[in-house]
Structures are given as C-alpha cells and as structure tokens.
Amino acid sequence: MSNGNNKTDKLVLIDGNSIIFRAFYALPPLTNSSGLHTNAVLGFTTMLLKVLEEEKPSHVLVAFDAGKVTFRHEGYAEYKGGRQKTPPELSEQFPLLKELLQAFSIPQFELAGYEADDIIGTLSKLAEDQGKSAVVVSGDKDMLQLASDHVSVLITRKGVSDVERYTPEAIGEKYGISPAQIIDLKGLMGDASDNIPGVPGVGEKTALKLLQEFGTVENVLDRVEEVKGKLRDNIEANMDSARMSKKLATIFREVPLERTLDDIVWNGYENASLATAFRKLEFRALSERLNLGEANKEEIALSAETASKYDVVSVSADGWAGLNDALSEAEALIVEAYGDNPHQTEGIGLAIVAGTTCYVVPFAELRSPEAVPFIQWLEDESATKTGYDTHRSELVLARSGIALRGQTFDVQLAAYLLDPTEADPSLHGLLQRLNLPPILSDDSVYGKGAKFRVPAEAELAKHLAAKVDAVRRLKSLLAEKLESLRMHNLYYELELPLSIVLAGMEKQGITVNANALAELGTEFQRRIEETTNAIYAAAGFEFNIGSTKQLGEVLFDRLELPVVKKTKTGYSTDAEVLEKLEPYHEAVRLIVHYRQLSKLQSTYIEGLTKEIRPEDGKIHTFYKQTIAATGRLSSQFPNLQNIPIRLEEGRQIRKAFVPSEPGWSILAADYSQIELRVLAHISGDEGLKEAFLKGMDVHTKTAMDVFRVESSQVDANMRRQAKAVNFGIVYGISDYGLSQNLNITRREAAEFIEQYFQAFPGVKRYMVDIVEKARKDGYVTTLFDRRRYLPEINHSNFNLRSFAERTAMNTPIQGTAADIIKLAMMRMSEALRDRGLQSRMLLQVHDELVFEVPADELEIMKELVPEVMSKALPLDVPLLADVSVGTNWYEAK
DNA sequence: TTACTCACG
DNA sequence: ACGTACGTGAGTAAG
C-alpha cells in the first residue's frame, strides 16, 4: 500500500492504551486457535485501518503509557487509584498489538513517567509549530483540549470504529466552551475513571454553566462570592481540589521525547509482513479484505522452500523408476482426494517422500502398469507408513481396489490426541500452530466451494510435495509429544489400530431396506398432509409451518399467544416453547406433531434413502475419530448415531436396518449406565459403588437417597426426577440447568443437588477436586490419559468459566466411557478374527455396538459380545452390557 | 453462510 | 449479578 504524495503533511496520533481498552470491552471475547485472546487487537486493527484509509496520513504514531507511576502521581498519589486491575485477557494482548504495529511499520512511543496523552500532546504541538495538521485518536475526552485549527480529535463513540470528530467549532457547539477550557471543565467536574476529584457535587451541567460565566477555574475561584447558595459552599471548601484537578487533567506538551516528526513518517505497510501478522492472529477476514492472500501465498511458499529443501519429481513427467526405487526408503505418504465423503471422493494424487526427494503421482497414473510395485508397497503390511488421515486414505484407495496396509502413524490423529478441541485439522493449520515453516492451505491451492479446481500438474505436484514433506516433519515432533505426555499407549494401542477397525466397519456398511423406508415414508407423507390441513384449519389460514419466522408470526402476532422465549433473531418456537403453549391453542399440538413427522421424513426417510448405495444396497457411514473433544466418535454421511428410538413412530425407521445375508440376525449390545459406573469408579463414592455392586436400579437408589425414603416409596415421578439429577451430575451439575430440565424452580433444583451431594459425598469431592485440578493444570484427563485443555477455567467471564468447570466435570466421565467402548471394539475385532467368526461389527453408537450374525454364531455371539464389553476394563464396579437379537435393528432392543 | 430446530448417547 | 445443562450431525429457511 502506498499513500501517494500528500500535498500537506498530516499526522495521525493514536492513544494506544485508550483504544485497546475500548476495543477489549466493545468486542465479545475471541481467541485464536492457540487460546490467545485477540478481540482487543482485532478491534484496534479495525479502527486503525479505517483511520488510515480516511486520513491518508504522512506520519503515524501509536503512543502507550509506560509503567504505573507518572509525574502526576508526584502531586497526587491517588491519581488513577481505585482502578480495576487490567484483566489478564487484555494484558496478554499488548504484546500482540505491539507486534502487529511493527508489521504495519507504525512507530510506537512510550516514555517512563509520562502517559500516552502527554506524548501525543507534545507531538501535536510540534506539528502545529511546523504548520502541519494532526488527527488525535482516543477514547478519552480529555484529549479534546488538544483541538485547534490544526488538530482535530477523534473520540470513539460506540464500539471502536465509530468515531466522532471534534474540532474547536464542534466542541463549541456541543459544550459551549473552547478546547482550552476542557481542563477547566475537568477541574470542576473531576473524572471518576482517573480518580480526579474536582469539586464534589459539580457535574458536567454545573461545570459548563460556571465556565460560560467565568471562563476558567481560576476566575471561578477568584469570584466565588458571585456564586449562590450551596454550590458556593462546595466550591469554597474544595478550591485546592479544583486547582489540583485542573492540573492533573492538563496534558503536558513538553515531554522530552528526543524524537522529531521525521521519526514517525509512515510510508505504508509491507503486504507480506502484514499478511504474516494477520495469519498468526488468524484475522482471515481482514487478510481477505486487504487482499493479502496473494502476498500470503508467496511468502508462505518462499519460507516453506527455504525451510525444507527437497526435489519434486512427478512420475507422469519423469517416469516411475525413481519412485519405485525409493519405496523402501519412503518416510511419509499423502493420499490426496476431494470431497468430504471418503466413500464418494475422487482421488487427486499421491505423494511419498524419501530422502531429499518428494515423488508425486497423479491419481490416474495408478492404472499404469508401472504402478504395480507402488501398489504392492501400499498393500504391504510390513511396509510401514506415516500419513495424514490414514483412515480416510484407506477408504479412498479402497475405491480403486487398493487395500492400504501398514499405517503406523497418522499425523492428524496424533494432533487430535494432543489437542482434541482444535477445530482446524489441516496440515496448514497444524504447522502454523506449532510455529513450523508453513505450507499453502488447501483452500488457497484448490479454491473453496464452487471455485474448487485441481491446478495444473506442476502446481499440484509442488503442493503435494510440500504436504508430504510436512507430514514427515511433523511425525517425529508429534511422536515425541505423545511420549512426553504419556499418551503413546492411548495412541499406538488404541486410537491408531481402532482407525483401521473403523475403516473396516465403514467399508462393510449396513444393509438398509429401501422399500421399507419408502413404505414408511408414504405413511408419514399422508400424515404430514393431514396434519398440515388440520393446522391450517385451526389457525384459519395457510402459512409455511417449516419457517420458524412465519410460525413465530402466526403464533405470537396473529394468534397472540404468550411469548415464552426469544432467540437473537426473533421468537423461539422450539419444542420446549410449544409444550408450554399447548393449552392456549389447538394448533400447537398439531405443530409439534408436524415437526416430528417432517423431521422423520426429511432427515430419515429421504436422507437415509439418498445414502443407500445402489451397488450393494448398503449405507456406509464415516466415523470421524478426530472431532469430539471428549474422545467420542462422530458419524457422518449419514449420521447413524442418531437414528430415532425414543418415540415409537420414529423407532420404526430401525426396521429398515437389516442383515446383509439371508438368515442372519442383527445383534445389538449396549452398556448399562456406563457413565454413572465410570463416575462411581473415578469418584470412589461408596454409596454409588454399592448401588452398582448390589445390582440396584441406580435411579431408584438415587431417589431413595435424595428423597430419603425406602425403595418401596419411590414412585415413578421420584425416579424420573432422580434420573434427571443423575444426568445433571454427569453433565456437570448446575441448579439452573436442572431446574430447566425438570421444570422446577432454581431453588428446588439447588435443594435436590444439595441432597444428592449429602447422599453421595464422594461424588461431591470428585466434582470439587476435578475443577481444582483443571484450574491448576489447565487440563483434565480420562482414565486412559486422554487429555482436554480448558483454557477458560480461570476466565474472568462467569459464563465462560462456568462452562469450563462443567466441562472439567463431564469430560473425564464421557471420555472414559468413550475410551472403554473403543477398547471393547478393539477386543471384539480381535476376537472375531482370532475365532474365525463370520459375524461382523457394523456400528457404534457411543454405548452400543451393532453386529450382523449368521444363525450358527448367534449363541456364541450372545455370550461373547457382552463378555468382551464387560471385561474391556476392570473397574471398581461391574460393567454390564445388555444384548439382544432380532431380524432388524428395531427388533434388537 | 448463519440461525434454528431436533434426532441420538 | 451473571444465565447453560455434556457431546454430536443434518435439514430447512432466509439473509
């Protein structure tokens, strides 16, 4: 960016402390991926860009306060006393801002003993003396005293980038005084934020009236006998305070800076430096707005090339010989494909790195006869491979009939274990977070969304080479980190082998009967139409029931039902709201039913039907192993972990999930109360342990203890409430949450919790201890040493901190349960293989495993599965799994 | 794309 | 005083 030649010089002088404070409180808390807060820097930058663009300055300076003590404290030790300590979320942003300003090539001054105001006052005076104009930017109206014919002052209004421009005329119009009188104004009215007393009882109104009459503080004091009544007494009693306050408010414009205006000449910023700074801060939108993308790209490519030297060999140009010779030395593998669903993805290319050479293979080349050794290597179990998302790679290659084997390190999976909350799993992002030499992002190479294209071969080869080199660079680093955090066991013994088991389950798929779905769909459709008509009749007119906006208008504007809850964009119409509205209008019950039916129809009947693959009549889901922060799996394309079960109408969907071979059965086994059992184990609570050891119904036992009654006195309602309390305990209890769930008052909910903790003191101790531990360590772990960081556990914001506390309580429980079932899956996979069984493990639904089983293995499997699940991990309480069998998933209940 | 709603454990 | 239960994925409407 260049300013061109300004005819007249213009200075922009920014009060750094003032603006960063404003920005911090104006923007919601934001963090970058490494947990650093960046909201104040972002707000500052937005303001800065706006001012630079509008003012087109020739000189720019950001001034900061230096240290705590200034010359003002010499006369008045309480100056700025009583201020709240700067929150750590803001303090940590000062170094970020200073670094960013460097990238902008903007000079920053600070001088011990002086405030930013004084530096700015001094420089603006220098500018005036030299006939230059200046713009002062601050959030503090004290600065208005600097306004003159040459100096205008921008004061932030709301937020940061909305500013108001003050010239002497504007100040005159608004306050009826001159800039010079601003200090008199402060002298009289004081300034609470700086702890400047002024004259007690004199506010802005009175002070302005006095100044209009007397002009200055000194004149007010000299002619105080002309003032009437109580005000006069006040002034007379506080003359010294007024004089001192005026002095404190006066900006000192003779700071011994030893700098000249030449030191703050600004010739614009370097795109590349700013691009780097924005990238670190993850200010992507700003980067885009300033068109730094290209600069970013060049700079990244440059640094990647200098950081890691390798030759790029593309087999379509240079033949296969080199690659085939290098296979035994291969250190890393990339299988590149596009599309999110690995069962439908199209391969783009592969790359391996060996020594100083990266070999790149366009996907189509795999069909070449010369590719045979390479394919043999891919399928060779003993040829170990380090890759990135090898689970996906296996599925992608399987589509071309290639069986990937020998995956012994997956960089993505390792990175997930090291920080499972990290949202960006890309190699590009990973390198960035670890401060390693970067590579281009996939988005910048391929374009995103509709703009996606595979670039010309040379560019593609370069990118894949950079990726495979990055995988190699990351491997040893991540492997070491796993060791040092004692997570190698979890990684090598559980997650990595599990990824192969998962790929097997996904490739196997589950047969879904499209006709059964279609029949159900016809029935649902009929009822949807019926319900739609009934709703129109009840309402008296037609509208789009599926539009929450229209529905809200109908319910609350036209039918005038009471508003229960609002969303940030309008009326809430969710199930909880509708439940409360039922008594008011007959349409409400129908709407609830309509919602149920249309959910079933669109998500399950239509959604699942689309996912049935015509070749084999099966649905192949994709389990993501690196999404859930607790260690659970997630299921996509489609999600088979949320197939309806709670309501009978939806549960019918499960009838369409059938065995793939005639005469086989579906076998489902689920853990009974696994999370509460885990809680009993890790908390060591005697009462809870006893309940499980004696085989009691845990919700009934909870009801007995919370309500202090005998088991015979526990009715259905008490059990229901106790069950909700147990859920609450697992989720990280709060009285508010429980009260919402049970529709009771917060006080009553708090009472339940109190009773619960009295009955189960071990659980209480666990909750207190785990939060304490999280505060101390910054993370919590599961029994298998899976780890989750909770950077917000010490946050000053109540909501963020409370969320982190509940997460601290929940994650070890949910996460350990996830560990256990993952281990059970490994054991089952081994058991099926070792015993030569034909039965197949098809699905995992958090605490449930689904198999298809031939008739002659039914008896074995009914024993084996629950046994393996129960023994997956010995706890202080028994782990139980219930098993059931049917001709479809519905019947296996 | 974002917001809302709702299916599951 | 603050105002959310923990963890997910997917469909629809609407900007």
Side-chain angles (χ1 to χ4, degrees), chain A residues 285 340 420-421 448-450 543-552 565-578 591-592 594-608 610-611 621-624 627-647 649-651 653-654 670-671 673-675 679 724-742 746 749 753 780 788 795-815 817-818 821 843-848:
Chain A
D340 290 329
T421 52
K448 52 179 167 182
F543 61 98
N544 183 351
I545 309 166
S547 159
T548 47
K549 191 159 169 266
Q550 289 187 36
L551 181 62
K565 189 165 72 172
K566 293 207 135 206
T567 66
K568 55 180 136 172
T569 52
Y571 303 118
S572 170
T573 65
D574 65 19
E576 190 191 316
V577 169
L578 294 178
I591 291 164
V592 173
Y594 173 91
R595 281 254 176 95
Q596 270 170 26
L597 289 168
S598 55
K599 175 80 176 180
L600 293 175
Q601 188 72 305
S602 61
T603 304
Y604 297 103
I605 302 295
E606 290 165 12
L608 290 178
K610 270 185 250 171
E611 298 288 347
T621 189
F622 177 53
Y623 289 106
K624 290 209 97 171
I627 291 289
T630 53
R632 277 189 175 184
L633 299 177
S634 90
S635 155
Q636 297 177 318
F637 321 125
N639 182 354
L640 292 185
Q641 291 182 320
N642 69 348
I643 303 302
I645 189 165
R646 292 174 189 168
L647 297 174
E649 262 177 327
R651 194 172 193 157
I653 305 273
R654 294 184 173 227
D670 68 307
Y671 279 114
Q673 305 295 354
I674 186 168
E675 290 187 341
L679 175 62
V725 173
N726 280 329
F727 268 91
I729 292 293
V730 169
Y731 290 158
I733 196 84
S734 79
D735 50 9
Y736 183 84
L738 183 63
S739 73
Q740 290 294 299
N741 190 282
L742 282 178
R746 232 176 96 169
I753 294 167
V780 292
R788 178 174 182 180
H795 202 285
S796 57
N797 179 309
F798 173 88
N799 280 332
L800 295 176
R801 189 176 63 249
S802 302
F803 185 33
E805 288 169 358
R806 292 194 299 273
T807 310
M809 300 185 235
N810 171 264
T811 294
I813 303 173
Q814 191 182 120
I821 194 164
L843 303 176
Q844 189 251 47
V845 192
H846 308 308
D847 67 351
E848 175 186 12

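Chain identifiers are assigned alphabetically (A, B, ...) following the order of the sequence lines, protein sequences preceding nucleic acid strands; residue numbering begins at 1 within each chain.
Note on A/Ala724: a base of the nucleic acid sits closer than 4.0 angstrom, heavy atoms only. At the heavy-atom level, A/Val730 lies nowhere under 4.0 Å from the strands shown. As judged by a 4.0 angstrom heavy-atom cut-off over every strand, A/Thr573 is placed among residues touching the sugar-phosphate backbone only. In this structure, A/Arg595 reaches the sugar-phosphate backbone alone: every heavy-atom distance under 4.0 Å involves primed, P, OP1 or OP2 atoms, never a base. At the heavy-atom level, A/Arg801 lies nowhere under 4.0 Å from the strands shown. Nucleic acid contact class of A/Ala817 (heavy atoms, under 4.0 Å, all strands): none. Residue A/Asn741 is classed as a base contact, given a heavy-atom separation below 4.0 Å to a base. Counting any heavy atom pair closer than 4.0 Å across all strands shown, A/Phe803 reaches sugar-phosphate atoms only and no base atom. In this structure, A/Leu633 reaches neither bases nor backbone, as no heavy-atom distance under 4.0 Å exists between it and the strands shown.
A distance-only check finds a donor-acceptor pair linking the side chain of A/Thr621 to the backbone of A/Pro638 [under 3.5 Å]. Within the 3.5 Å criterion, the main-chain N or O of A/Gln814 finds no donor-acceptor partner in the side chain of A/Arg632. Within the 3.5 Å criterion, the main-chain N or O of A/His795 finds a donor-acceptor partner in the side chain of A/Arg801. A donor-acceptor pair under 3.5 Å is absent between the side-chain atoms of A/Thr573 and the main chain of A/Thr548, judged by distance alone. A donor-acceptor distance shorter than 3.5 angstrom exists from the side chain of A/Gln844 to the backbone of A/His846, with no hydrogens or angles considered.
Separation of the P atoms belonging to C/dT4 and B/dA3 is 15 Å when rounded to the nearest angstrom. To the nearest whole angstrom, the two P atoms, one in B/dC4 and one in C/dA5, are 13 Å apart.
The A/Arg654 side chain lies nearest to B/dC8 when the options are B/dC8, C/dG7, C/dA5. Taking the side chain of A/Ala629 as heavy atoms from C-beta on, and the options B/dC6, C/dA5, C/dT8, the nearest nucleotide is C/dT8. The side chain of A/Thr567 approaches B/dT5 more closely than any other nucleotide in the set C/dC6, B/dA7, B/dT5. Distance from the side chain of A/Thr569 is smallest for B/dA3 among the nucleotides B/dA3, B/dC8, C/dG3. Relative to the side chain of A/Asn810, the nucleotides C/dC6, B/dA7, B/dG9 differ in distance, and C/dC6 lies closest. Comparing C/dA5, B/dA7, B/dG9 by their closest approach to the side chain of A/Pro644 singles out B/dA7. Nearest nucleotide to the side chain of A/Ile733, out of C/dG7, C/dG3, C/dA5: C/dA5.
Contact check, A/Arg646 against B/dA7: no side-chain N or O comes under 4.0 Å of OP1 or OP2. Side-chain N/O atoms of A/Arg806 include none lying less than 4.0 angstrom from OP1 or OP2 on C/dA5.
Side-chain contact between A/Asn642 and A/Val845: absent, with no pair of heavy atoms (C-beta onward) separated by less than 4.5 Å.
If you measure from atom CD1 of A/Ile645 to atom P of B/dG9, you get 5 Å, rounded to the nearest angstrom. Atom P of nucleotide C/dA5 and atom CG of A/Leu742 are separated by 15 Å, given to the nearest angstrom. Following rounding to the nearest Å, A/Phe727 (CZ) and C/dG7 (C1') show an atom-to-atom distance of 12 Å.
Stacking between A/Phe798 and the base of C/dC2 is absent under the criterion of ring centres within 5.5 Å and planes under 30 degrees.
The 5' end of DNA chain C is approached more closely, in terms of each residue's nearest nucleotide, by A/Asn799 than by the other of A/Thr811 and A/Asn799.
Donor-acceptor pairing under 3.5 Å, judged by distance alone, is present between the side chain of A/Gln814 and the base of C/dC6.
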Could you write out DNA chain C as dot-bracket? Rules: Watson-Crick or G-U wobble, both distances under 3.5 Å, brackets [ ] for crossings, | for pairs with another strand, dot for unpaired.
.....|||||||||.
Audit row: A/Glu649, A/Leu597, side-chain contact (heavy atoms from CB on, under 4.5 Å) steps and yes/no:
CA-CA 9 Å; A/Glu649 262 177 327; A/Leu597 289 168; 3.9 Å; yes
Scoring nucleotides 9-15 of chain C by protein non-hydrogen atoms under 4.0 Å (B base, S sugar-phosphate only, - none) yields BSSSSSS
